[in-house]
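These notes concern the structure reproduced below.
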Amino acid sequence: MKESPVNKIMENTLERMRDMVDVSTIIGDPIQTGDTTLIPVSKVTYGFTGGGTDLPSKQNQELFGGGGGGGISITPVAFIVIQNDKVRMMQINNYSSSADRAIAMIPELVDQISQLVKAKDDSAADAE
């Protein structure tokens with residue numbers, strides 16, 4: 001069975017888009033500054049389309065018209081900050097909802113709870 005020109009257009013479009021986006025586009029290369037490491041995090045959105053049609057011909061030749069295209073949006077959204085033994089995420093964009101804000105606060109909340117537990121354990125050990 002002969003491959004259709006529309007399939008060829010779609011495969012070409014997808015292959016070109018795959019070439020433009022890889023894992024290092026989403027999680028960037030670490031940036032070291034002193035005792036702090038920053039890792040950029042981006043959101044990648046893409047879409048594509050394609051189509052075509054066989055054109056009528058009075059002669060015995062195949063005529064085809066078609067095209068394809070796509071778009072990619074890469075938006076930086078956060079940095080993972082590693083400093084000594086602490087890891088936290090700093091978002092770049094504004095929060096769109098309370099849920100986003102709560103999720104972003106989880107790493108900092110875990111750090112604070114860990115410090116409270118450690119302080120409690122230390123004070124209990126000192127009291128003994």
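Just so we're clear, the structure is a prediction, and the values are computed from it rather than from any experiment.
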Closest non-hydrogen atom pair, Ser42 against Pro76: OG-CA, 3.7 Å
Let me see the working for Val41 and Val77 under side-chain contact (heavy atoms from CB on, under 4.5 Å), right down to the final yes or no. CA-CA 6 Å; Val41 180; Val77 293; 4.1 Å; yes
Measuring only between side-chain heavy atoms, which start at C-beta, is Ile80 closer than 4.5 Å to Val87? yes
Can you list the steps and then say if Lys43 with Thr45 is a side-chain contact (heavy atoms from CB on, under 4.5 Å)? CA-CA 7 Å; Lys43 177 175 97 173; Thr45 307; 3.9 Å; yes
Is there a donor-acceptor pair under 3.5 Å between the side chain of Gln32 and the backbone N or O of Gly34? yes
Which atom pair, heavy atoms only, marks the closest approach of Pro40 to Leu38? CD-O, 3.8 Å
Non-hydrogen side-chain atoms of Gln83 and Asp35 separated by less than 4.5 Å: yes
Heavy atoms of Ile39 and Gly28 approach each other most closely as CG2-O, 3.6 Å
Give the minimum heavy-atom separation between Met89 and Ala78, together with the two atoms involved. CG-CB, 3.9 Å
What is the distance from atom CG of Asp121 to atom CG of Leu116, rounded to the nearest 0.5 Å? 11.0 Å
Once you round to the nearest 0.5 Å, how far does NZ of Lys86 lie from CD of Gln115? 4.5 Å
Minimum side-chain heavy-atom gap Lys120-Lys118 below 4.5 Å: no
Contact check, side chains of Ile82 and Thr36, non-hydrogen atoms, under 4.5 Å: no
